[in-house]
Amino acid sequence: MFDIDFVTPACSACYRFHDELKISTLPGVSGALHRCSSSLTDALFSIQEVVKLPLEFVRQLSIKVQHQRPAWRCDKVMDIYSGCALCLPNLTSPALHQPTHTPPLCIEIKPKCGFLPSPKHVSKDIKTKVCRYCMHQHYKVANGKWKRRSFYCPLDLFSGNRQRMHFAIKHLIEEPQNNFKVFKGGQCIYSSKEGSDESPDMNSLLHHLRPYFLHANNRMNCHVTCKAVLNDFIQVLVNALLSSGGGDGGVVADRQAEGRSFCEASIFNKERIRHGSRGLPTDSVLFRILQTQMLDTLDIEGLYPLYRQVEQHLQGFPKERTRLQIEGPYNEAFLEKLQKCPAEDDGSVEYAVAKVHQYRVAMTAKDCSIMVALVPSSEEEEDNENLSSQRQLRDFRPPAFSYSASILDLDPKPFDSIPRQLRLDQKIVTCYLRTGGALPKGPVREKEDCTLLFHPM
Ligand SMILES: O=P(O)(O)O[C@@H]1[C@@H](OP(=O)(O)O)[C@H](OP(=O)(O)O)[C@H](O)[C@H](OP(=O)(O)O)[C@H]1OP(=O)(O)O
Ligand SMILES: Nc1ncnc2c1ncn2[C@@H]1O[C@H](COP(=O)(O)OP(=O)(O)OP(=O)(O)O)[C@@H](O)[C@H]1O
């Protein structure tokens with residue numbers, strides 16, 4: 001009916017959000033991050049378009065997808081009244097210009113929050129030591145959302161240190177939950193199954209991945225261990241996440257000095273770091289997400305009194321909702337409010353609103369997903385490279401993929417989600433303090449098994 005790959009019905013706020021921001025593309029990172037922090041002036045959208053859809057079509061679509069939602073998302077509903085949708089390319093199945101031996105792979109990562117809050121604003125010391133994701137794991141297991149705890153830690157992924165990133169991705173693979181999926185030729189081949197007691201089948205994943213790494217590494221006749229396939233796969237993913245978007249790719253100072261980039265619950269053994277972290281390249285997809293997440297400078301605890309101030313102001317002056325853009329539109333004026341926020345609280349409602357807006361944008365960045373598409377070299381490129389590598393008598397070369405990273409799920413978070421955030425934060429911390437010490441920290445082998453194979457490039 002529609003000549004589009006993927007539609008995601010948008011509320012009228014989203015419509016404005018996406019429509020009014022300048023949209024452009026960036027080579028390498030066909031990203032889609034709203035421009036809303038210092039990095040936002042150059043964090044850009046991918047090719048996407050707002051389209052109008054017949055209301056009846058959206059109504060039927062909504063009914064059709066409702067039963068496919070995970071149980072914990074059954075309370076969510078599609079906005080069936082705006083008549084608008086975002087039209088996106090199908091990122092799990094990128095268009096190919098030339099045939100390849102194997103279909104493209106696409107890896108979806110929901111990285112979550114990559115930093116610890118500043119001690120200035122939090123009431124519980126533990127929040128400055130253990131990251132929100134790791135604490136939340138205990139709460140999720142205690143409440144039955146997941147059967148097993150994941151040992152993934154976002155601070156490792158966002159570290160910019162290859163060893164730590166490798167370690168983080170390995171744990172995403174081991175326990176993907178809703179943070180990790182793999183697609184091959186547009187089909188999901190690896191994800192956590194809702195409500196299942198069993199871990200996803202890693203052997204099946206390796207079976208799918210093997211041809212990519214056999215072929216790409218000229219290992220046709222070699223015996224390749226599962227571990228080597230997994231290492232190669234993770235290494236390619238780390239490269240894609242660290243790749244720059246075509247800019248100068250400057251490297252930022254490691255945040256280690258700030259003491260906010262290591263989580264005490266991570267089972268990565270710091271002493272094993274062989275090369276110091278160089279930080280994330282400034283135009284990598286992870287850097288952009290992290291910068292936007294860090295617009296949350298006050299933590300929910302420091303933010304909540306400002307939220308209350310705004311709420312009280314709106315009770316007295318309901319018409320101010322529009323001027324203060326509480327429900328959007330998320331346009332240039334909105335971005336200006338974020339960027340021009342005074343450094344210190346001057347007691348004005350403008351300051352409080354700007355901090356609330358910053359926090360909401362940070363929440364979006366803490367909840368977005370990255371889609372990394374890996375396209376194997378075309379058959380022609382492979383043949384040329386095979387000839388040249390035979391001439392050079394090389395028996396190894398890194399897997400040849402081209403990659404792009406896009407950012408998904410940039411829905412604006414509503415103003416009234418803030419009280420829920422505070423309640424959840426309290427529940428997570430309370431649960432962690434109650435159960436944190438009781439849950440096993442993970443098998444000992446985890447600590448020891450972080451020596452990784454890095455192949456020459
Ligand atoms: O609060 P969190 O960190 O649990 O994040 C929620 C996500 O849970 P997660 O921890 O990633 O499993 C949650 O993900 P799931 O539904 O659990 O897959 C949603 O993304 C939710 O956003 P929204 O309310 O649907 O706009 C997310 O809520 P927001 O807080 O981003 O609004
Ligand atoms: N452009 C795309 N290409 C391929 N897959 C996509 C694309 N957009 C979304 N998806 C897939 O759909 C999933 C859900 O998308 P998204 O997170 O944007 O919806 P949502 O906001 O959670 O929807 P709802 O709030 O209605 O439940 C993503 O995790 C991803 O697997």
Side-chain angles (χ1 to χ4, degrees), residues 4-11 13-14 18 30-32 45-49 58 61-62 64-80 82 85-95 104 106-114 131-141 143 145-146 150 152 154 172 175-183 185-192 194 293 296 300 359-373 404 406-428 431:
I4 47 182
D5 283 327
F6 212 94
V7 285
T8 161
C11 63
C14 295
H18 295 295
S30 56
F45 278 80
S46 63
I47 311 148
Q48 54 186 356
E49 200 188 332
V58 183
L61 186 65
S62 161
K64 220 171 172 165
V65 299
Q66 198 59 32
H67 74 277
Q68 290 175 10
R69 288 180 182 277
W72 70 86
R73 289 194 67 84
C74 281
D75 57 329
K76 307 275 170 185
V77 285
M78 209 179 255
D79 180 347
I80 57 170
S82 77
L86 260 186
C87 173
L88 302 163
N90 184 348
L91 297 165
T92 63
S93 180
C106 174
I107 296 92
E108 178 173 354
I109 300 177
K110 189 181 191 187
K112 302 299 285 186
C113 181
C131 81
R132 150 82 184 238
Y133 180 89
C134 289
M135 279 201 268
H136 203 173
Q137 280 296 308
H138 289 252
Y139 183 71
K140 286 179 178 177
V141 173
N143 285 282
K145 180 166 177 183
W146 298 108
S150 156
Y152 160 68
L172 280 173
E175 203 59 56
Q177 298 189 353
N178 59 347
N179 302 100
F180 189 85
K181 281 182 194 158
V182 182
F183 301 85
Q187 297 297 314
C188 184
I189 55 163
Y190 192 71
S191 66
S192 277
E194 184 200 338
Q293 292 183 350
D296 166 15
I300 185 63
Y359 183 80
R360 289 168 58 198
V361 170
M363 273 175 77
T364 294
K366 290 178 192 180
D367 199 40
C368 70
S369 296
I370 307 171
M371 293 288 235
V372 179
S404 75
S406 311
I407 305 178
L408 268 188
D409 202 2
L410 292 167
D411 303 351
K413 297 289 175 179
F415 176 71
D416 50 19
S417 64
I418 288 173
R420 188 192 66 81
Q421 275 288 320
L422 182 70
R423 286 194 299 274
L424 181 60
D425 182 73
Q426 289 163 344
K427 284 184 199 160
I428 290 172
C431 174

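Whatever order the structure lists them in is the order used to number ligands and atoms, beginning at 1. One is the number of the first residue; the rest follow in order along the sequence.
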Any N/O pair Phe183/ligand 2 closer than 3.5 Å: no

Purely on distance, is any nitrogen or oxygen of Glu108 under 3.5 Å from one on ligand 2? yes

I'd like to know if [X] contacts ligand 2, where contact means a heavy-atom distance under 4.0 Å to any ligand atom.
X	value
Met78	no
Met371	yes
Cys188	no

Does the pair Lys413/Asp367 count as a salt bridge with the N-to-O cut at 4.0 Å? yes

Got a donor-acceptor contact below 3.5 angstrom from the Gln421 side chain to the Ile300 backbone?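 Judged by distance alone, no pair lies under 3.5 Å.
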
Short side-chain to backbone donor-acceptor contact, Tyr139 and Asp425, under 3.5 Å: no

Non-hydrogen atoms of Ile407 and Cys368 that approach each other most closely: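 Between these two residues, the closest heavy atoms are CG2-SG, 3.7 Å.
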
Could you report the tightest heavy-atom contact between Ser406 and Leu91, atom names first, then the distance?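 Closest approach of Ser406 to Leu91: OG-CD2, 3.6 Å.
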
Could you list the residues that satisfy side chain to side chain donor-acceptor pair (under 3.5 Å) with Lys140, not counting sequence neighbours? none

Measure the spacing between [atom1] of [X] and [atom2] of [Y] and express it to the nearest 0.5 Å.
X	Y	atom1	atom2	answer
Met371	Ile109	CE	CD1	11.0 Å
Tyr152	Lys110	OH	NZ	11.0 Å
Ile189	Thr92	CD1	OG1	11.5 Å
Cys131	Lys112	SG	NZ	11.0 Å
Cys188	Glu108	SG	CD	8.5 Å
Asn179	Trp146	CG	CH2	8.0 Å

Taking only heavy atoms of [X], which atoms of ligand 2 are found under 4.0 Å from at least one of them?
X	answer
Arg69	24 (P), 26 (O), 27 (O)
Leu88	1 (N)
Pro89	1 (N), 2 (C), 3 (N)
Thr92	4 (C), 5 (N)
Leu408	6 (C), 7 (C), 8 (N), 9 (C), 10 (N)

Winner among Arg73, Lys181, Lys76 once heavy atoms are compared against atom 20 (P) of ligand 2: Arg73

List, for ligand 1, each N/O atom that has a protein N/O partner under 3.5 Å away, with both atom names and the distance.
residue	atom	partner	partner atom	Å
ligand 1	1 (O)	Arg132	NH2	3.2
ligand 1	3 (O)	Lys112	NZ	3.1
ligand 1	3 (O)	Arg132	NH2	2.8
ligand 1	5 (O)	Lys112	NZ	3.1
ligand 1	10 (O)	Lys140	NZ	2.8
ligand 1	11 (O)	Lys110	NZ	2.9
ligand 1	11 (O)	Lys112	NZ	2.8
ligand 1	12 (O)	Lys140	NZ	2.9
ligand 1	12 (O)	Lys145	NZ	3.1
ligand 1	12 (O)	Asn178	ND2	2.8
ligand 1	14 (O)	Lys110	NZ	3.0
ligand 1	16 (O)	Trp72	NE1	3.0
ligand 1	16 (O)	Arg73	NH1	2.6
ligand 1	17 (O)	Trp72	NE1	2.8
ligand 1	17 (O)	Lys145	NZ	2.4
ligand 1	17 (O)	Asn178	ND2	3.4
ligand 1	18 (O)	Trp72	NE1	3.1
ligand 1	18 (O)	Asn178	ND2	2.9
ligand 1	20 (O)	Lys110	NZ	3.3
ligand 1	20 (O)	Asp367	OD1	3.1
ligand 1	20 (O)	Asp367	OD2	2.7
ligand 1	22 (O)	Asp367	OD2	3.2
ligand 1	22 (O)	Lys413	NZ	3.0
ligand 1	24 (O)	Lys76	NZ	2.8
ligand 1	25 (O)	Arg73	NH1	3.2
ligand 1	25 (O)	Arg73	NH2	3.4
ligand 1	25 (O)	Lys76	NZ	2.8
ligand 1	26 (O)	Lys413	NZ	2.8
ligand 1	28 (O)	Arg420	NH2	3.3
ligand 1	30 (O)	Arg420	NH2	2.9
ligand 1	30 (O)	Gln421	NE2	2.4
ligand 1	31 (O)	Lys413	NZ	3.0
ligand 1	32 (O)	Lys413	NZ	3.4
ligand 1	32 (O)	Arg420	NH2	3.0

Using a heavy-atom cut-off of under 4.0 Å, does the side chain or the backbone of Asn90 touch ligand 2, or both, or neither? both

For ligand 2, which part of Asp411 has a heavy atom less than 4.0 Å away: the side chain, the backbone, both, or neither?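 Near ligand 2, Asp411 shows its side chain, while the N, CA, C and O stay back.
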
